[in-house]
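Everything below concerns the one structure shown next.
Just so it is clear, the values below take in all heavy atoms, side chains as well, and ignore hydrogens, waters and symmetry mates. In what follows, chains carry the letters A, B, and so on, assigned in the order in which the sequence lines appear, proteins first and then strands, with residues in each chain numbered from 1.
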Amino acid sequence: MTDHAVRHGPPVVELAGVTKEYPGGVTALRGVDLTVLSGELLAIVGPSGSGKSTLLHVVGTLDRPTSGRVAIAGHDVAALSDRALSALRSRHVGFVFQSFHLVPGLSARANVAEGLLYSGLPRAERGRRAERALARVGLGDRMDHRPHELSGGQKQRVAIARAVAGEPDLLLADEPTGALDTASGRSVMELLHELNEDGATIAVITHDQEIAAALPRRVRIRDGEVVADARNPEAGAAGTEAG
Amino acid sequence: MGRRSRGRTRLTPPRLTPRDVLHAGSAGLRSRPTRVFLSALGIAIGIATMIAVVGISSSSQAKLLRELDRLGTNMLVATPGQSMFSGQDTKLPPEAPGMISRIDGVESVGTTGDVAQSVRRSENIPAGETGGIALKAVKDDLLGTLRAGVRSGTWLNAANGRYPSVVLGHVSAQRLGITQPGQQVFIGGRYFTVVGILEPVPLAPEVERSALIGWEAATGLLGFDGHPTAVYERSADDRVAEVRGLIARSANPRTPGAVSVTDPSAALQAKAATEGAFSTLLLGLGGIALLVGGVGVANTMIISVLERRHEIGLRRSLGATKGQIRIQFVTESLLLSGLGGLAGIALGGAATGIYARAADLPWVVPPWAVTGGFAATLAIGTLAGLYPAVRAARLSPTLALQAA
């Protein structure tokens with residue numbers, strides 16, 4: 001554990017005793033404690049209905065917990081207005097979705113630049129960063145392609161470029177390989193590994209044990225509780241679930 | 001490094017530039033051109049109707065005003081009024097035209113005097129059938145004073161005025177079936193030769209319905225008593241009020257009360273004012289069309305919000321505030337109705353142009369109607385977009401993403 005503290009920076013995500021109840025008595029999270037340090041690559045893994053989607057929303061500040069403390073990049077979410085939360089998301093959190101959510105009529109470059117629309121960066125700078133991010137994910141030669149001209153894996157790379165273009169403190173990937181075939185899925189996971197090696201903090205939310213096993217840290221969720229939090233410094237090399 | 005140092009800064013969402021707002025607001029429209037066309041069409045029809053209603057009535061008015069400008073508002077007519085005591089029609093004294101022409105400021109005078117004879121196509125038509133055509137003896141510069149023109153043939157002059165020659169107003173020519181000079185009409189037991197037919201005379205409709213003969217011919221051939229029935233005078237524009245006060249006394253110094261003085265251009269001015277007052281009913285119809293168009297835009301916007309829950313969720317996750325989502329959808333609605341408004345202005349202007357060309361009117365679309373119409377579309381766009389925009393902003397960012 002000690003060498004983690006050396007390799008990783010300050011906490012990006014701090015959850016303490018977080019519960020989430022929905023109207024109608026459904027409890028999605030029951031006292032979750034979770035800390036993610038800067039530079040970590042972790043899987044939040046669990047079957048459907050385990051509460052991992054709710055956890056994604058809470059960590060992504062798309063939803064507020066019923067009780068407990070949530071701090072993202074040092075900001076206590078409970079103290080922030082909706083406007084401030086929006087600003088927090090635009091600066092500190094990047095999302096990658098299972099179904100990509102690209103704008104159909106726009107080129108890859110425009111889609112990535114659209115992700116920076118709310119960052120406050122000038123238009124020209126948004127375009128430059130979009131190109132840099134696309135080059136980073138290996139789509140330097142596909143900048144002017146529209147989503148329907150791209151394969152599934154390429155679409156997800158565009159979505160990842162959009163999420164990292166603003167250099168967020170935290171990248172949240174919700175089932176990033178869920179809509180992809182095995183080969184594309186593997187290359188997307190490789191990309192996430194590479195981004196992590198460059199310093200990005202990435203949380204992958206998945207139900208896929210195999211994907212989770214390939215990541216250095218695995219947080220297992222069941223019935224709204226963290227049931228296991230395992231680290232494997234040999235990032236993915238072991239391919240086992242040893243804790 | 002830089003990344004962490006941002007962490008402690010205050011979290012204030014940056015403002016979007018107007019260009020970015022426009023960009024975000026038009027994104028939804030660009031991807032659905034057919035829907036944009038159809039929902040803007042409603043607004044366009046409403047605005048086009050209103051612009052055309054206002055434009056056509058303004059064009060008609062402009063024509064009348066132009067006509068009025070040509071005819072001038074500096075002409076007055078002296079006619080015999082009714083005697084104050086007996087209630088009988090009086091007559092103007094024969095020297096009235098000369099007296100009026102000597103008033104300071106009077107530039108020209110024209111005189112007509114009614115002759116009690118019927119004008120008929122031939123002797124076979126009974127004397128009682130006048131066809132509503134009056135016979136008038138004329139002298140002085142009648143044509144010039146009325147600013148009337150001869151459509152065909154010539155006007156009465158010193159030569160033909162002594163002989164049985166007649167000039168017809170265009171209405172009387174039509175009623176008599178006379179199409180060109182040279183034909184003859186039967187007056188007072190003899191045939192008169194038609195030497196000319198007049199253009200319409202808007203300032204003196206009574207002349208249009210008359211047959212005009214020379215003063216000498218009337219006296220010599222038909223026993224005309226030489227009393228004028230109407231003296232038309234034209235004065236300088238700035239002397240009209242003054243002249244008006246002097247006419248009655250000059251025309252009939254003994255009983256000035258028995259002279260009535262009128263301004264024929266007043267009737268034309270009143271007509272121009274009525275033409276300008278466009279049909280409220282049609283304007284109301286345009287308003288209803290506009291309202292229906294607005295409902296169409298609101299409907300489109302609501303559907304758009306429902307369909308784009310993902311996009312809204314995505315934008316929220318990218319850091320859009322509720323306010324930024326609201327402004328995006330209001331902008332979209334404004335663009336939609338604004339497009340309709342512009343198309344409507346173009347359509348309404350074109351419809352006015354086509355009508356004006358067909359009816360030989362000047363093409364006039366008042367700027368206030370254009371700005372007013374466009375302002376109305378923007379108001380409708382804001383109203384129609386507000387509710388859907390508020391709904392869009394209220395969508396939970398998570399709900400919007402879950403509905404995959």
Side-chain angles (χ1 to χ4, degrees), chain A residues 9-10 12 38 53-54 56-58 60-63 72-75 80-95 97-106 110 113-123 126 159 162-163 166-169 172 174 178-179 199-201, chain B residues 1-33 35-36 307-328 331 393-404:
Chain A
V12 175
S38 177
S53 287
T54 306
L56 163 77
H57 295 149
V58 168
T61 74
L62 296 173
D63 209 350
I72 306 298
H75 294 278
L80 298 178
S81 67
D82 192 77
R83 274 171 60 80
L85 277 186
S86 300
L88 176 95
R89 286 196 290 274
S90 81
R91 278 184 217 170
H92 302 296
V93 187
F95 289 88
F97 308 99
Q98 179 175 357
S99 44
F100 325 133
H101 289 315
L102 299 180
V103 182
L106 295 184
E114 193 81 3
L116 295 170
L117 183 64
Y118 305 99
S119 66
L121 293 170
R123 195 178 175 79
R126 297 201 298 261
R162 180 178 63 194
E167 293 176 11
D169 295 280
L172 288 174
D174 182 19
T201 313
Chain B
M1 37 179 272
R3 181 178 292 182
R4 282 308 299 176
S5 66
R6 286 189 304 180
R8 293 295 166 187
T9 53
R10 279 192 62 223
L11 288 169
T12 316
R15 292 178 70 87
L16 294 184
T17 64
R19 187 177 174 185
D20 287 336
V21 170
L22 206 63
H23 169 81
S26 61
L29 300 182
R30 272 174 279 148
S31 56
R32 290 183 178 80
R35 189 185 292 176
V36 169
E307 281 179 349
R308 286 155 67 192
R309 294 158 64 104
H310 301 295
E311 183 200 318
I312 295 162
L314 171 68
R315 288 182 185 277
R316 292 282 277 141
S317 76
L318 290 172
T321 62
K322 287 182 178 179
Q324 284 164 340
I325 296 292
R326 263 198 304 272
I327 197 106
Q328 176 188 340
T331 303
R394 281 211 196 121
L395 280 178
S396 158
T398 64
L399 264 180
L401 285 181
Q402 275 169 4

From the options A/Leu85, A/Thr61, A/Leu62, A/Asp63, select the one residue that forms a side chain to side chain contact (heavy atoms under 4.5 Å, CB included) with B/Pro397.
A/Leu62
Note: A/Glu114 and B/Leu318 closest approach over all heavy atoms is O-CD1, 4.1 Å
Most heavy-atom pairs under 4.5 Å with chain B, out of A/Gly94, A/Ser119, A/Ser81, A/Gly60, belong to A/Ser119
Pick one of side chain, backbone, both or neither for A/Leu56, based on which atoms fall under 4.5 Å of a heavy atom in chain B.
neither
Of the listed B/Arg15, B/His23, B/Arg30, B/Arg315, the one with the largest count of heavy-atom pairs under 4.5 Å with chain A is B/Arg315
Whether A/Phe97 and A/Phe95 hold their rings parallel, tilted or perpendicular, with breakpoints at 30° and 60°:
parallel
Nearest-0.5 Å distance that lies between atom CZ in B/Arg35 and atom CD in B/Glu307:
4.0 Å
